[in-house]
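Everything on this sheet refers to the single structure shown next.
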Number of protein chains: 2
Amino acid sequence: MKRLQKLNRIYWIYGGIMGLLMIALQIIHYKTMVRDMEIEMYGGIIGVLFLFFGIWLGTSSFKKKSADKYDRQKLGLSKRELEVLELLSQGLSNQEVADKLFVSLNTAKTHISSIYSKLNVKRRTQAIQKARDMALIHPPKE
Amino acid sequence: MKRLQKLNRIYWIYGGIMGLLMIALQIIHYKTMVRDMEIEMYGGIIGVLFLFFGIWLGTSSFKKKSADKYDRQKLGLSKRELEVLELLSQGLSNQEVADKLFVSLNTAKTHISSIYSKLNVKRRTQAIQKARDMALIHPPKE
DNA sequence: GTTTTGATCATCCTTTCGGGTGATTTGTAA
DNA sequence: TTACAAATCACCCGAAAGGATGATCAAAAC
């Protein structure tokens, strides 16, 4: 439900604006009978309108939409695992993760392994990617 | 010189396409005298053309501008190394990189090693991070 | 009070990574 | 022509990462 709305909102907007444009054009058409206008004028108006509409469409539909948080619970990652994931994403080695958390290397490895299985990945690089995609970790500063 | 061309290429393309559109419209205009066409047809053509042009403009010119390519040259990364870096950033293993590029594992490893030394990092995760920071690779989709 | 879960650590084993070195080939620049 | 950079591949070795399994302990859930 919610997801469907979210996914298709852009198309609703698209449809709405298309409709408005069409109505506007019809009004212009019938009100002024068009032929009184230079044909270039008419084309120019349409061109400018659609140009801006296209630019708007292009820029708005390609903005990042920020993944949602419900993912975290679904994946069942524990607090500790999220900590580890955070450190992983900072490019730390297993040993460094262990040191930062004051646990043994084995423990760090255990956490990391369970992270992999919960994220359904095979390598740490993939885990980091997935964590980024799902916004499980703090995004890199910009 | 080269840089100037590179930076302004978008505007050259812009100008070129604008010109072509204008010429095309003029041809349509004079060849068919337009009035033989439905006015809606004419408007529709212009609308569609400018719509797509606008979308193209919007998507291409408003993408994050990414610390640009001069970085790449400064770092001295070769074309091949950038390819490898790209694949690394996708979470592929050395073997997978080798397979994708149709080279041996040894070759892939060589490239990767030289990437590390040029980026001044010790691990692939760090290389990926640095590559992202410097926009040496394509940003994650969305 | 028993069960479950999370966190901790271990051991064994395999695969992957990364460093170092050297060699060949090809294209390009000096 | 020579020189150099880029790309290719090989071999060796040690370190790191990853998989599988099991164990202990404490807190929370039942």
Side-chain angles (χ1 to χ4, degrees), chain A residues 69-134 136-137, chain B residues 1-3 6 69-134 136-137:
Chain A
K69 329 199 167 185
Y70 63 87
D71 284 324
R72 298 179 205 184
Q73 285 147 10
K74 270 197 174 173
L75 291 165
L77 287 171
S78 72
K79 243 179 297 172
R80 200 58 157 167
E81 286 162 353
L82 279 176
E83 281 184 78
V84 173
L85 192 48
E86 186 71 44
L87 296 177
L88 274 197
S89 76
Q90 288 167 21
L92 303 191
S93 68
N94 290 357
Q95 185 61 63
E96 288 167 335
V97 169
D99 291 345
K100 281 230 172 189
L101 297 180
F102 302 105
V103 297
S104 79
L105 174 58
N106 286 313
T107 300
K109 284 179 60 177
T110 302
H111 287 314
I112 292 169
S113 283
S114 71
I115 289 172
Y116 293 164
S117 74
K118 286 180 182 176
L119 290 187
N120 197 31
V121 297
K122 297 205 182 309
R123 279 183 282 287
R124 63 176 41 210
T125 48
Q126 297 175 340
I128 294 169
Q129 269 190 292
K130 202 148 194 172
R132 271 197 219 295
D133 287 349
M134 295 183 160
L136 300 176
I137 57 176
Chain B
M1 275 301 218
K2 260 183 199 169
R3 180 153 54 191
K6 209 183 296 175
K69 328 195 170 185
Y70 61 86
D71 280 327
R72 298 175 204 188
Q73 285 152 9
K74 270 194 177 171
L75 291 166
L77 286 172
S78 72
K79 240 179 299 172
R80 202 54 159 170
E81 286 162 352
L82 279 176
E83 282 184 77
V84 173
L85 192 49
E86 186 71 44
L87 296 177
L88 274 197
S89 75
Q90 288 167 20
L92 302 191
S93 69
N94 290 356
Q95 185 61 62
E96 288 168 336
V97 169
D99 291 345
K100 280 230 173 188
L101 297 179
F102 302 104
V103 297
S104 77
L105 174 60
N106 287 313
T107 301
K109 284 180 59 178
T110 302
H111 287 314
I112 292 170
S113 283
S114 70
I115 289 172
Y116 292 164
S117 74
K118 286 180 182 176
L119 290 188
N120 197 30
V121 296
K122 297 205 181 311
R123 281 185 281 286
R124 65 175 42 211
T125 48
Q126 296 175 343
I128 294 169
Q129 271 189 292
K130 200 148 196 172
R132 271 196 218 296
D133 287 350
M134 294 184 158
L136 299 176
I137 57 176

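Values below: every heavy atom of this structure, side chains too, minus hydrogens, waters and symmetry copies. Proteins come first, then strands; the chains are lettered A, B, ... in the order of their sequence lines, and each starts at number 1.
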List the atom of A/L88, the atom of A/I128, and the distance in Å for their closest heavy-atom pair.
O-CD1, 3.3 Å
Rounded to the nearest 0.5 Å, what's the gap from CZ on B/R132 to CG on B/L85? Could you check?
9.5 Å
With sequence neighbours left out, the residues meeting side-chain hydrogen bond (donor to acceptor under 3.5 Å, both in side chains) with B/E81 are B/S78, B/S114, B/K118
I need the minimum non-hydrogen distance between B/A98 and B/S104, along with the two atoms involved.
CB-O, 3.6 Å
Which nucleotide of DNA chain C is the first, and which the last, in the 5' to 3' direction, to come under 4.0 Å of a heavy atom belonging to chain B?
C/dC17 to C/dG19
Return the minimal non-hydrogen interatomic distance between A/R124 and A/I112, and the atom names on each side.
NH2-CD1, 3.9 Å
My understanding is that only residues two or more places apart in sequence, or in another chain, count here; which of them pass side-chain hydrogen bond (donor to acceptor under 3.5 Å, both in side chains) with B/D99?
B/Q95
For A/K122, what residues pass the side-chain contact (heavy atoms from CB on, under 4.5 Å) criterion, not counting sequence neighbours?
A/Q126
Check each of A/L105, A/L92, A/V103 against A/V97 using the side chain to side chain contact (heavy atoms under 4.5 Å, CB included) test, and report the only one that passes.
A/L92
Base contacts versus sugar-phosphate-only contacts with protein, heavy atoms under 4.0 Å: please encode nucleotides 23-30 of chain D as B, S and - from 5' to 3'.
--------
Could you encode protein contacts along nucleotides 3-16 of chain D as a string, one character per nucleotide from 5' to 3', using B for base contact, S for sugar-phosphate-only contact and - for no contact, with a heavy-atom cut-off of under 4.0 Å?
---SSBBBBB----
Could you name each residue pair satisfying salt bridge (charged side-chain N to carboxylate O under 4.0 Å, His left out) that touches residues 83-96 of chain A, not counting sequence neighbours?
A/R80-A/E83, A/E96-B/R123
Using the C1' atoms of the five pairs at each end, what is the angle between the end axes of the helix from C/dG1-D/dC30 to C/dA30-D/dT1, to 10°?
50°
Under a 4.5 Å cut-off applied to non-hydrogen side-chain atoms, are A/L87 and A/L101 in contact?
yes
The side-chain hydrogen bond (donor to acceptor under 3.5 Å, both in side chains) partners of B/S89 (sequence neighbours excluded) come to none
Mind checking what makes side-chain hydrogen bond (donor to acceptor under 3.5 Å, both in side chains) contact with A/S113, not counting sequence neighbours?
none
